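Letters A, B, ... mirror the listed sequences (proteins, then strands); counts begin at 1. All of these numbers come straight from a predicted model, not from anything done at the bench.
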Amino acid sequence: MTKLQSLRGMIDLLPSQVERWQKVEAFARDHFRRANLGEIRTPLLEHTELFARGIGEATEVVGKEMYSFFDRGNRSCTLRPEGTASVVRSVIQNGLLSQGSQRLWYMGPMFRYERPQAGRQRQFHQIGVEFFGLSSEISDAELISIAWDFLNELGLRDLKLEINSLGTTDDRKKYQESLVSWLENFSELLDEHVLEQIKKNPLRILDSKKPNIQELLNEAPKLVDFLSNQSRNRFLNLQVILNSLGIPFTINTKLVRGLDYYCHTAFEITSSQLGAQATVCGGGRYDGLVEQLGGPKTPAIGWAIGLERLLILLGEDAFEKQFPEVYIVNKGPKAELESLTLARDLRASNFFVEIDYSGSAFSKQFKRANRSNASWAVVIGDEELKQEEIRLKRLKGKTKDPNEYLVKRSDFNQIIERLRS
RNA sequence: GCGGGCGUCGCCAAGUGGUUAAGGCAGCGGCUUGUGGCGCCGCUAUUCGGGGGUUCGAAUCCCCUCGCUCGCCCCA
């Protein structure tokens with residue numbers, strides 16, 4: 001292990017991959033602009049306390065997945081494990097909440113110290129949307145529709161939207177007590193992990209993947225039955241709205257999500273093509289969080305999409321590589337210099353240009369020109385230099401007879417005209 | 001943090017104790033000193049993730065370690 005390599009779970013994105021990312025990113029920007037969302041960029045590093053208070057001390061994310069350290073001023077700092085807490089902090093700190101409702105989006109890397117597996121890295125990327133100051137079901141529906149439409153317009157299919165209501169804190173507390181006392185009747189059937197969860201975060205037991213637990217839960221008290229009339233009506237109304245929008249969904253009464261701040265609406269968009277980490281988008285309402293972090297009482301709701309997972313779903317062949325239009329073949333130092341000069345002129349006119357600096361035989365350079373998939377080769381050699389000309393050779397789409405032109409270097413307009421023909 | 005699988009050239013790989021570690025792709029050079037996509041020829045791992053051990057002898061067996069991968073957990 002003497003070779004230097006990237007940290008575990010932190011991967012390089014090489015040019016061919018970055019091209020795919022940029023397309024998704026550009027698509028996201030456009031999509032969110034049409035929804036009139038504002039982009040927010042917050043620091044990657046925050047006080048540890050923000051996440052401890054915001055996400056919840058008892059959650060796995062805070063308990064054992066954070067990248068935390070003390071800086072030189074002895075402050076406890078943490079690389080953000082998710083986006084919401086930072087956005088809430090920023091929105092409070094910058095006084096945005098006194099300017100009416102806020103509809104924001106963000107995009108960037110997040111960090112969680114976990115064992116990497118399919119669709120899960122230690123540095124991963126999320127796109128997220130957060131609404132502040134909107135409390136109605138219709139705003140829930142708009143927020144969900146933005147995620148749903150985004151994924152569908154990107155061409156993803158076979159997505160499944162699941163929704164649930166977590167009710168209010170009171171609703172949940174009552175349910176939690178009932179669930180725990182019910183489960184305690186079966187404590188001999190429960191493993192150590194579940195017993196631990198009962199103490200720390202009982203709702204999480206609901207989305208356990210263990211078949212025997214799920215079987216048991218089918219008989220257990222249901223969260224829906226503990227919702228207040230108001231909470232229940234809210235949930236029903238959301239369903240009515242989603243139906244009239246034509247957004248298909250299923251109700252999953254066991255969908256609880258891992259972070260403490262959620263209430264009322266919780267939802268996930270999953271794909272069966274992702275392996276064990278099937279969630280591509282997750283979110284929910286968090287009406288108490290802004291106040292909990294020291295801001296004015298403000299209803300809020302948001303979601304986040306995992307970009308790595310999204311890219312897995314899009315597949316490799318959905319993207320076409322970008323090729324240079326012009327490949328400059330040359331020989332000798334003077335010709336190289338002339339090539340660079342020409343390349344700058346062409347680039348200023350929006351051409352994609354690559355120069356061959358190998359100095360190898362023209363036959364070799366032409367092979368590379370073809371492999372680069374350029375539409376044109378420009379040849380600059382001794383003869384061309386002497387005549388102050390350049391030679392344009394059409395490499396792709398030969399149809400008309402002259403596929404080769406000699407053009408005066410000074411006649412830039414004609415060069416461009418030929419290259420565009 | 002726990003479990004399964006795996007680590008041979010930039011990539012894909014053959015090789016499971018015995019003299020020089022196949023092959024393919026890519027790369028570079030040549031056939032063809034100035035003109036391409038094909039073809040042919042040649043070159044590219046003193047070394048098998050790293051360290052230690054067993055053995056006359058190890059990529060091949062054993063131990064440790066690092067990494068990758070799939071799952072648990074968790075989540076996007």
Tell me what [X] touches on the nucleic acid: a base, only sugar-phosphate, or nothing, going by heavy atoms under 4.0 Å.
X      : result
A:G119 : base
A:R115 : base
A:A369 : nothing
A:G332 : nothing

Considering only heavy atoms, which members of residues 26-49 of chain A lie under 4.0 Å from some atom of RNA chain B?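 Within this stretch, nothing sits under 4.0 Å of the strand.
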
Residue-level proximity of residues 150-164 of chain A to RNA chain B when a heavy atom falls under 4.0 Å: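 Heavy-atom contacts with RNA chain B come from no residue of residues 150-164 of chain A; none.
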
Below 4.0 angstrom from OP1 or OP2 of [N], is there any side-chain N or O of [X]?
X      : N      : result
A:Q117 : B:rG71 : yes
A:Q277 : B:rC70 : no
A:H193 : B:rG1  : no
A:R112 : B:rC75 : no

Can you list the steps and then say if A:D356 with A:S358 is a side chain to side chain donor-acceptor pair (under 3.5 Å)? CA-CA 6 Å; A:D356 194 313; A:S358 68; 2.7 Å; yes

By ring pair (Phe, Tyr, Trp, His ring centres under 6.0 Å), which residues pair with A:F32, not counting sequence neighbours? A:W105, A:F150

Side-chain heavy atoms of A:R368 within contact of A:E354, under 4.5 Å: no

Within the 4.5 Å heavy-atom criterion, are A:I163 and A:L255 side-chain neighbours or not?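 No, too far: nothing below the 4.5 Å cut-off.
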
With the side chain defined as heavy atoms from C-beta on, A:R371 is closest, among B:rA26, B:rC72, B:rC75, to B:rA26

Using heavy atoms to find the nearest nucleotide of RNA chain B for A:N370 and A:E308 separately, return the residue whose nucleotide is more 5′.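 By nearest-heavy-atom nucleotide position, the 5'-most residue is A:N370.
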
Please tell me which of A:L274 and A:V280 maps to the more 5' nucleotide of RNA chain B, matching each residue to the nucleotide holding its nearest heavy atom. A:L274

Pairing donors with acceptors under 3.5 angstrom, does anything connect the side chains of A:S410 and A:E388? no

Tell me: [atom1] of [X] to [atom2] of [N], nearest whole Å?
X      : N      : atom1 : atom2 : result
A:Q197 : B:rC72 : CD    : P     : 14 Å
A:E60  : B:rC2  : CD    : C1'   : 13 Å
A:K254 : B:rC75 : NZ    : C1'   : 19 Å
A:Y113 : B:rC73 : OH    : C1'   : 15 Å

Atom pairs under 3.5 Å: protein N/O with N/O of nucleotides 30-35 of chain B:
from, atom 1, to, atom 2, distance (Å)
B:rG34, O6, A:D382, N, 2.2
B:rG34, O6, A:E383, N, 2.5
B:rG34, N1, A:E384, OE1, 2.8
B:rG34, N2, A:E384, OE1, 3.3
B:rG34, N2, A:E384, OE2, 2.5
B:rU35, O4, A:E384, OE2, 3.3
B:rU35, O4, A:R391, NE, 3.3

When both distances are under 3.5 Å in a Watson-Crick or G-U wobble arrangement, the nucleotide paired with B:rC2 is B:rG71

Would you confirm whether A:K331, through its side chain, and A:D382, through its main-chain N or O, come within 3.5 Å as a donor-acceptor pair? no

Applying side-chain contact (heavy atoms from CB on, under 4.5 Å), name anything that partners A:R115, two or more places apart in sequence or on another chain. A:R8, A:R120

Under the side-chain contact (heavy atoms from CB on, under 4.5 Å) test, residues paired with A:I138 that sit two or more places apart: A:S136, A:I241

Taking the same atom, C1', in B:rA59 and in B:rG7, what whole-Å distance lies between them? 11 Å

Would you kindly check if the NZ (Lys) or CZ (Arg) of A:R172 is within the cone defined by 45 degrees around the ring axis of A:F226 and under 6.0 Å from the six-membered ring centre?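 No, A:R172 does not sit over the ring of A:F226.
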
For A:K173, look at atom NZ and say whether over 12 heavy atoms of other residues, nucleotides or ligands are found less than 6.0 Å away.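 Atom NZ in A:K173 is not packed in, count stays at 12 or less.
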
